[in-house]
Amino acid sequence: DLAIKIDEIVNTAITDYRKNYPLMPKVLIEVERKQLKQTLTKWVDVEKKRNHEFEIINTEEKHQINIDRMQFNIKIDRIDLIDSNKKIIIDYKTGETESINSLYKDSLNSLQLPIYACFSNHKDIDGVVYAKLNRKKYTLNGISREKLAAYVKFNDKKNPKIQTWDELLTFWHNKINSIASDYLSGK
């Protein structure tokens with residue numbers, strides 16, 4: 001039963017948490033327990049509504065990447081394999097995020113998903129997705145090579161210069177390299 005499994009997961013998380021924070025008041029622990037159960041239950045409902053077969057192939061995957069002459073350590077929250085042949089990167093967000101459509105803009109302010117897609121060790125990424133988990137909203141919203149759901153697709157109307165997923169990846173790669181170059185030259 002799903003409710004029992006969620007209880008087990010939450011109890012394990014709370015037990016681990018209490019080891020690190022033994023002085024945490026019981027009332028706060030119980031509030032956290034209730035919130036975790038609610039969040040997991042709502043998130044599983046979102047996952048059940050996905051209309052493609054998927055397998056979680058990696059979580060919290062660490063990479064060391066290079067952009068221009070700079071080196072970074074990144075951690076990708078999750079990578080799913082969709083229909084046995086398409087990889088998407090999922091980034092969990094508990095707060096507010098920019099609209100996924102902002103990733104098409106020339107001003108590209110949110111770099112995390114584009115960096116993951118362009119500079120991680122995975123060269124065959126087919127999409128990037130924000131997984132929003134907060135009290136107001138539990139959603140998946142992303143951009144992908146092909147339509148994976150109403151909320152995960154390529155939108156060629158957002159930037160007339162970018163008509164395909166591969167063009168978007170090239171745009172991101174060039175934009176991120178330009179930002180890095182500007183940074184290194186003191187601009």
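Atoms OG1 and CD, on Thr164 and Glu146 in that order, are 13.0 Å from each other to the nearest 0.5 Å. To the nearest 0.5 angstrom, Trp165 atom CH2 is 7.5 Å from Ser144 atom OG. Within the model, atoms OG of Ser181 and CG of Asn174 stand 12.0 Å from one another, a figure rounded to the nearest 0.5 Å. With rounding to the nearest 0.5 Å, the separation of CD1 in Ile115 from CD in Gln112 is 8.0 Å. Between atom NZ of residue Lys62 and atom CD of residue Glu60 there is a gap of 8.0 Å, rounded to the nearest 0.5 Å. Between the CG atom in Leu140 and the NZ atom in Lys49 there is a gap of 11.0 Å [rounded to 0.5 Å].
With Lys158 contributing its side chain and Asn155 its backbone, the two residues share no donor-acceptor pair below 3.5 Å. Thr139 places no side-chain N or O within 3.5 Å of a backbone atom of Asn141 that could act as its donor or acceptor partner. A distance-only check finds no donor-acceptor pair linking the side chain of Trp172 to the backbone of Glu167 [under 3.5 Å]. A donor-acceptor contact shorter than 3.5 Å is absent between the side chain of Ser102 and the backbone of Glu98. Under the 3.5 Å distance criterion, the side-chain polar atoms of Gln38 are left unmatched by any main-chain donor or acceptor of Lys34. Put simply, the side chain of Asn58 never gets that close to the backbone of Glu61: no donor and acceptor are under 3.5 Å apart. Looking only at distances, a side-chain donor or acceptor of His52 sits under 3.5 Å from a matching main-chain atom of Leu148. Side chain of Tyr17 to backbone of Ile29: no donor-acceptor contact under 3.5 angstrom is found. Of the possible polar contacts, none joining the Ser120 side chain to the Ala117 backbone as a donor-acceptor pair under 3.5 Å is found. For the pair Asp182 (side chain) and Lys187 (backbone), a donor-acceptor distance under 3.5 Å is absent.
The minimum heavy-atom distance linking Ser110 with Leu103 is given by the pair O-CD2, 3.4 Å. Nearest approach of Ile176 to Leu111, heavy atoms of both residues: CG1-CD2, 4.2 Å. In this structure, Ile100 and Gly142 approach most closely via the heavy-atom pair CG1-CA, 3.7 Å. Considering every non-hydrogen atom in both Leu113 and Ile89, the closest pair reads CD2-CG2, 4.2 Å. In this structure, Ala180 and Asp68 approach most closely via the heavy-atom pair CB-CB, 4.0 Å. Between Phe154 and Arg145 the shortest heavy-atom distance is CB-O, 4.3 Å.
Tyr92 pairs by the ring-ring contact (aromatic ring centres under 6.0 Å, His included) definition with nothing, not counting sequence neighbours.
Asn20 places none of its side-chain heavy atoms less than 4.5 Å from the side chain of Asp16. By the 4.5 Å heavy-atom criterion applied to side chains, Tyr104 and Leu168 are counted as neighbours. Under the 4.5 Å side-chain criterion, counting only non-hydrogen atoms from C-beta, Lys48 is in contact with Leu2. You'll find the side chain of Ile82 reaches within 4.5 Å of the side chain of Ile88, heavy atoms only. Proximity of Asp7 to Lys37: side-chain heavy atoms (C-beta onward) are separated by under 4.5 Å at one or more points.
The hydrophobic clustering, which links ILVMFWY residues whose side-chain heavy atoms are closer than 4.5 Å, places Ile143 and Leu108 together. There is no path of hydrophobic side-chain contacts, each under 4.5 Å, that joins Leu36 to Trp43. Ile74 and Val129 fall into different hydrophobic clusters, where Ile, Leu, Val, Met, Phe, Trp and Tyr residues are linked whenever their side-chain heavy atoms come under 4.5 Å apart, directly or through other members. Residue Ile6 is not grouped with residue Ile56 when hydrophobic side chains (ILVMFWY) are merged at heavy-atom distances under 4.5 angstrom, including chains of intermediate members. Tyr116 and Ile67 fall within the same hydrophobic cluster, where Ile, Leu, Val, Met, Phe, Trp and Tyr residues are linked whenever their side-chain heavy atoms come under 4.5 Å apart, directly or through other members.
In this structure, Arg50 is positioned above the aromatic face of Phe54, its NZ or CZ under 6.0 Å from the six-membered ring centre and within 45° of the axis.
Taking a cutoff of 4.0 Å between a charged side-chain nitrogen and a carboxylate oxygen, Lys161 and Asp106 qualify as a salt bridge. For the pair Lys87 and Asp80, the salt-bridge criterion is not met [side-chain N within less than 4.0 Å of a carboxylate O]. Ionic pairing of Arg78 and Glu47 is present here: one or more N-O contacts between side-chain nitrogen and carboxylate oxygen are shorter than 4.0 angstrom. Using a 4.0 Å cut-off between charged nitrogen and carboxylate oxygen, Asp126 and Lys86 do not count as a salt-bridge pair. Between Lys93 and Asp91, at least one side-chain nitrogen of the basic residue sits less than 4.0 Å from a carboxylate oxygen of the acidic one, meeting the salt-bridge criterion.
Looking only at atom types and distance, the side chain of Thr12 has no donor-acceptor partner in the side chain of Glu8 under 3.5 Å away. For the residue pair Lys132 / Thr97, a side-chain donor-acceptor distance below 3.5 Å is found, with atom types taken as modelled.
Taking the six-membered ring wherever Trp is involved, the centroid distance between the rings of Phe72 and His63 does not fall below 6.0 Å. Annotation: Tyr151 is not in aromatic contact with Tyr130 [ring centroid separation under 6.0 Å not met].
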Test log, rule side-chain contact (heavy atoms from CB on, under 4.5 Å), inputs Lys175 and Ile179: CA-CA 6 Å; Lys175 191 70 165 173; Ile179 291 167; 4.3 Å; yes
Would you please test Met70 and Leu184 for side-chain contact (heavy atoms from CB on, under 4.5 Å) and show each step? CA-CA 9 Å; Met70 296 183 290; Leu184 289 169; 3.8 Å; yes
May I have the step-by-step check of side-chain contact (heavy atoms from CB on, under 4.5 Å) for Glu32 and Leu28, ending in yes or no? CA-CA 6 Å; Glu32 186 66 16; Leu28 292 180; over 6 Å; no
Assess whether side-chain contact (heavy atoms from CB on, under 4.5 Å) is satisfied between Gln71 and Ile65, documenting all intermediate values. CA-CA 6 Å; Gln71 192 172 72; Ile65 62 167; over 6 Å; no
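Ring-plane geometry between His173 and Phe119 is classed as parallel, the angle between the planes falling under 30 degrees on a 0 to 90 degree scale with a further cut at 60.
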